[in-house]
Amino acid sequence: AVLGGLDPAAAPGYRLELVETVWEPGAYVTMHTHPTAIVVCVQSGALGFAIQHGAATVTRSGSGEAPETTEPLELNTEVVLEPRDCVAFDHFAAHTVHTAWNASDGPTVLWEADLFAPDQPFTTFVDEHGTPIP
């Protein structure tokens with residue numbers, strides 16, 4: 001569901017949207033790319049995430065006296081994001097190929113901020129070499 005969006009004057013030809021996605025238990029997505037700059041934050045549940053190519057950062061939410069932390073995500077390393085944790089990547093800067101899955105027993109709710117070109121497909125699935133799958 002699109003929660004809000006606009007066509008920013010600073011990025012002609014692109015759209016910025018905040019969307020909510022709900023992943024049911026057992027849901028997963030195989031290796032793919034998005035032609036976007038994106039920030040995905042877990043609202044509830046847990047999201048498993050790994051990158052196979054490119055670059056991404058993980059921000060772990062702070063709690064109490066512990067501040068939030070941001071760290072680069074290593075290639076082929078699986079992480080589990082909990083509520084208020086986020087993952088971000090800029091496909092324009094690093095061709096990021098990734099996988100994701102619901103890592104909880106119940107639904108996982110995500111909020112995503114996406115900067116994208118509306119005339120491009122939002123998701124392109126790829127093979128193990130990063131080649132688009134027709």
Side-chain angles (χ1 to χ4, degrees):
V2 176
L3 301 175
L6 62 93
D7 299 318
Y14 288 86
R15 178 132 182 100
L16 176 63
E17 287 186 347
L18 180 64
V19 299
E20 179 182 73
T21 57
V22 178
W23 293 48
E24 294 302 323
Y28 67 93
V29 62
T30 59
M31 290 194 313
H32 64 286
T33 64
H34 302 291
T36 181
I38 187 170
V39 179
V40 178
C41 298
V42 177
Q43 299 302 303
S44 63
L47 178 71
F49 192 87
I51 59 172
Q52 292 75 40
H53 184 270
T57 58
V58 172
T59 302
R60 301 285 185 180
S61 67
S63 60
E65 296 177 13
E68 69 179 33
T69 61
T70 299
E71 58 202 40
L73 180 56
E74 299 294 326
L75 290 177
N76 300 308
T77 301
E78 296 181 355
V79 296
V80 174
L81 305 171
E82 302 290 338
R84 298 188 64 221
D85 291 345
C86 301
V87 62
F89 59 88
D90 182 353
H91 186 76
F92 306 114
H95 184 76
T96 304
V97 176
H98 60 283
T99 53
W101 59 95
N102 181 343
S104 74
D105 294 333
T108 292
V109 178
L110 308 174
W111 281 10
E112 300 176 18
D114 303 310
L115 179 66
F116 64 98
D119 62 344
Q120 298 293 312
F122 187 72
T123 302
T124 301
F125 290 92
V126 299
D127 65 17
E128 65 275 6
H129 305 290
T131 305
I133 297 172

For the atom pair SG (C86) and CG (L47), what is the distance rounded to the nearest 0.5 Å? 10.5 Å
Does the side chain of E17 reach to within under 4.5 Å of the side chain of T36, using non-hydrogen atoms? no
Transitively linked via ILVMFWY side-chain contacts under 4.5 Å: V19 with Y14? no
Taking ring pair (Phe, Tyr, Trp, His ring centres under 6.0 Å) as the definition, give me every residue that meets it alongside H98, ordered by chain and number, with sequence neighbours left out. H32, H34, F49, F89
Joint cluster assignment, V39 & L18, ILVMFWY side-chain distance < 4.5 Å: no
Give every donor-acceptor pair under 3.5 Å between a side-chain atom in residues 1-12 and any protein atom, sequence neighbours left out.
residue: D7; atom: OD1; partner: R15; partner atom: NH1; Å: 3.1

Do the side chains of V22 and V80 join up, straight or via other hydrophobic residues, at under 4.5 Å, putting them in one cluster? no
Here the pair of heavy atoms bringing S61 nearest to P83 is OG-O, 3.7 Å
Hydrophobic cluster of W101, others only, ordered by chain and residue number, side-chain cut-off 4.5 Å: Y28
Using side chain to side chain contact (heavy atoms under 4.5 Å, CB included) as the criterion, point out the one residue from V87, L110, V40 that pairs with L81. V87
Is I51 linked to F92 within one hydrophobic cluster, defined over Ile, Leu, Val, Met, Phe, Trp and Tyr using a side-chain heavy-atom separation of less than 4.5 Å? no
Distance-only donor-acceptor pairs under 3.5 Å for side chains of residues 111-122, two or more places apart:
residue: W111; atom: NE1; partner: E20; partner atom: OE2; Å: 3.1

Looking at NE2 of H95 and CG of D90, how far apart are the two atoms once the value is rounded to the nearest 0.5 Å? 13.0 Å
Residues which pass side chain to side chain contact (heavy atoms under 4.5 Å, CB included) with S104, listed by chain and number, not counting sequence neighbours: A46, N102, T108
Interatomic spacing from OG1 in T96 to CG in L73 - rounded to 0.5 Å: 9.5 Å
If a pair satisfies side chain to side chain donor-acceptor pair (under 3.5 Å) and one of its residues is in residues 42-58, list it, with sequence neighbours excluded. Q52-T99
